[in-house]
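Worksheet: the structure to be examined is printed underneath.
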Amino acid sequence: MRVDAVVIGAGHNGLTAAAYLARAGRSVLILERAEHIGGAARSDQVFPAYDARLSAYSYLVSLLPDQIIEELGLDLQLIRRRISSYTPVGDGGILVDNGDAARTASDLGADAQAWDDFYGMTGELAQKLFPTVTEPLRSSQDVRALVGEEAWRDVVERPLGEAIERRFSSDTVRGIVLTDGLIGTFGRPGDADRLVNRCLLYHVIGRGTGDWDVPVGGMGAVTDGLLRTAQSYGAQLRTSTTVTAVSTDGSEAVVTTADGLEVRAGQVFANCAPNVLDRLLGDAPSRPEPEGAQLKINMLLSRLPALRDDSVTPEEAFAGTFHINEGYGQIATAYAQAASGQIPEVPPCEVYCHSLSDDSILGPDLVAAGAHTLTLFGLHMPARLFREDPAGARERALELTLASINSVLAEPIEDCLLAPDTLDVRSPLDIEASVGMPGGHIFHGDLQWPFAESEDEVGRWGTETRHANIFLCGSGARRGGAVSGIPGRAAVAAALGEEALG
């Protein structure tokens with residue numbers, strides 16, 4: 001069998017690449033090891049007995065450019081959330097309400113002006129930098145001149161902790177700011193490698209605003225739409241097909257699968273982690289082995305839990321990101337414990353309720369009953385903590401995380417579950433087994449700066465490999481990470497030229 005292009009992996013980036021390739025007139029075959037599409041960007045009936053389709057892994061959209069939505073004609077509705085976050089503190093809390101500046105300032109107290117200054121700066125950074133992510137890579141010097149010295153110093157050049165500690169006085173507010181640098185990232189704000197800076201940068205530039213929007217219908221609406229576009233232009237899909245090897249002479253490639261299929265192709269687009277692609281090619285790993293660092297818990301509730309804070313309703317508090325024990329000091333303690341090989345005693349975590357913004361993911365009976373979904377993302381839970389005793393460590397992490405949640409609520413979260421079996425917990429090892437992300441790393445490896453870091457990268461797309469006809473189109477590419485489609489589009493631009501995207 002021969003096609004113009006093979007796409008390995010039907011996650012959102014692979015489907016993006018397939019859609020652009022097929023739209024450009026190429027014959028395309030998508031090979032997916034699972035029995036379904038979507039990878040980590042899919043909707044799933046996590047609790048089979050209940051009519052609820054949760055965004056089981058990725059759950060919000062920020063980095064998907066309007067340009068890709070428009071070029072591929074995606075029928076996708078995104079809801080902008082009014083409430084950015086709520087952080088319980090004792091019997092009160094901090095509500096960041098984008099529709100009520102005075103209320104937000106009152107809750108932030110002495111840090112209100114610092115908050116406006118910092119996020120004013122990152123807002124300008126987003127407006128300037130985000131449009132470049134669908135262009136060839138710019139040099140670091142060009143990006144520095146583009147974003148200005150203040151943003152370059154505080155977000156790129158110096159460890160993030162310096163800016164946070166200089167700008168903010170409250171431990172709680174410092175923690176709120178820091179959390180965007182820790183999603184899927186095991187690092188410290190003062191580390192010289194600025195890994196935390198890179199993570200925060202991606203979290204504040206999305207769509208030119210930094211907003212994280214709710215996909216109507218769940219994350220599956222994104223990947224289902226991409227597949228429809230790809231297939232409408234003739235792309236073919238084979239699920240339950242595991243790729244075992246890729247070979248190439250630079251102009252013709254051969255892709256082999258576990259069931260004996262051998263496909264010849266002019267080009268291969270790999271929507272997998274860089275180290276997975278290295279193994280398929282028979283090469284030595286080009287990067288350190290990835291290590292995820294999060295605990296994921298999905299819940300279906302009969303009602304939202306009661307709060308200690310009488311000034312805010314549960315509907316307000318859970319409409320945005322609900323921060324739990326994510327103070328600056330608490331995060332530092334959790335990191336130190338995890339780095340020493342211990343599951344954090346008080347796990348910092350955050351929760352989000354999709355159904356408050358979009359109840360279309362629930363069946364009519366659940367909507368009528370007032371049911372809600374709840375998605376928890378736990379920080380500083382590196383894969384190393386689960387390797388010796390995966391099941392036991394998962395249970396211990398769940399126990400401590402539930403205790404962490406309950407410490408800030410007016411009632412136990414367990415009392416709000418729709419049923420005892422409507423709680424699903426996944427460690428990095430579970431994520432690795434389920435969606436093939438090595439080490440359960442949600443970005444396929446540490447995030448890279450979204451610009452060229454060497455002279456030879458300038459003008460390229462960040463998806464090229466040492467083989468002229470093999471392209472990396474997943475989250476491990478430069479400007480990868482989160483649900484964006486950027487690497488999928490960039491890989492096609494690198495392979496066919498930018499004119500093929502129009």
Side-chain angles (χ1 to χ4, degrees), residues 4-24 26 28 30 39 41 61-72 74 129-140 142-143 146 198 201-202 205-208 222-223 226 229-230 233 235 266-274 276-277 286-287 443-454 456-502:
D4 294 329
V6 168
V7 176
I8 301 172
H12 82 280
N13 274 313
L15 294 171
T16 300
Y20 277 108
L21 288 163
R23 184 168 171 265
R26 277 22 181 209
V28 182
I30 310 163
V61 173
S62 177
L63 289 157
L64 176 62
D66 285 336
Q67 186 174 354
I68 290 178
I69 295 173
E70 293 164 4
E71 287 174 347
L72 296 181
L74 298 180
L129 185 58
F130 192 68
T132 72
V133 300
T134 52
E135 301 173 357
L137 290 166
R138 298 193 185 192
S139 70
S140 58
D142 284 350
V143 171
L146 176 70
R198 282 173 264 159
L201 177 61
Y202 280 84
I205 66 169
R207 302 174 68 77
V222 178
T223 45
L226 287 166
T229 298
Y233 287 108
Q267 295 172 324
V268 173
F269 297 80
N271 181 28
C272 57
V276 172
L277 177 58
S286 56
R287 305 184 191 182
F443 304 137
H444 293 185
D446 292 343
L447 289 167
Q448 304 172 73
W449 296 114
F451 47 79
E453 294 187 68
S454 62
D456 65 322
E457 282 188 312
V458 176
R460 304 183 79 191
W461 290 92
T463 59
E464 299 86 349
T465 72
R466 68 183 186 87
H467 303 283
N469 62 340
I470 307 290
F471 301 89
L472 186 67
C473 70
S475 285
R478 191 173 292 278
R479 299 185 293 201
V483 175
S484 73
I486 295 167
R489 182 184 185 275
V492 177
L496 305 184
E498 197 168 0
E499 63 277 3
L501 302 173

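We count residues from 1, following the sequence as given.
With sequence neighbours excluded, the residues forming a salt bridge (Lys or Arg N to Asp or Glu O under 4.0 Å) with D4 are R2, listed by chain and number. With sequence neighbours excluded, the residues satisfying side-chain contact (heavy atoms from CB on, under 4.5 Å) with A10 are L15, I30, E32, I37, L237. For the side-chain hydrogen bond (donor to acceptor under 3.5 Å, both in side chains) test, residues two or more places apart in sequence or in another chain that qualify with R138 are E135. For R207, the salt bridge (Lys or Arg N to Asp or Glu O under 4.0 Å) partners are D66, D213, not counting sequence neighbours. Every side-chain contact (heavy atoms from CB on, under 4.5 Å) that A41 has, sequence neighbours left out, goes to H12, M219, T223, V483.
Annotation: the span from I69 atom CD1 to T229 atom OG1 amounts to 11.0 Å, rounded to 0.5 Å. Residue L129 holds its CG atom at 6.0 Å from CG of L201, rounded to the nearest 0.5 Å.
For residues 9-23, there are no salt bridge (Lys or Arg N to Asp or Glu O under 4.0 Å) pairs, not counting sequence neighbours. For residues 475-502, no pair satisfies ring-ring contact (aromatic ring centres under 6.0 Å, His included), with sequence neighbours left out. Each ring-ring contact (aromatic ring centres under 6.0 Å, His included) pair with one or both residues in residues 483-502, not counting sequence neighbours, would appear here, but there are none. Within the structure, the salt bridge (Lys or Arg N to Asp or Glu O under 4.0 Å) test picks out the following pairs touching residues 473-487 (sequence neighbours left out): E453-R478, E457-R478. Applying the salt bridge (Lys or Arg N to Asp or Glu O under 4.0 Å) test to every pair with at least one member in residues 6-18, sequence neighbours left out, gives no pairs at all. Residue pairs satisfying the ring-ring contact (aromatic ring centres under 6.0 Å, His included) criterion with at least one member in residues 471-502, sequence neighbours excluded, are listed as follows: F269-F471.
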Quiz: residues 486-501 side-chain donor-acceptor pairs under 3.5 angstrom, not counting sequence neighbours:
| from | atom 1 | to | atom 2 | distance (Å) |
| --- | --- | --- | --- | --- |
| R489 | NE | E71 | OE1 | 3.0 |
| R489 | NH1 | T134 | O | 3.0 |
| R489 | NH2 | E71 | OE2 | 3.2 |

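Checked by atom type and distance alone, the side chain of E464 pairs as donor or acceptor with a backbone atom of G462 at under 3.5 Å. Side-chain N or O atoms of Q448 include one that pairs as donor or acceptor with a backbone N or O of G476 at under 3.5 Å.
Residues P274 and H444 approach most closely at CD-O, 3.8 Å, considering heavy atoms. In plain terms, the two heavy atoms of L63 and A482 that are nearest each other are CD1-CB, 3.6 Å.
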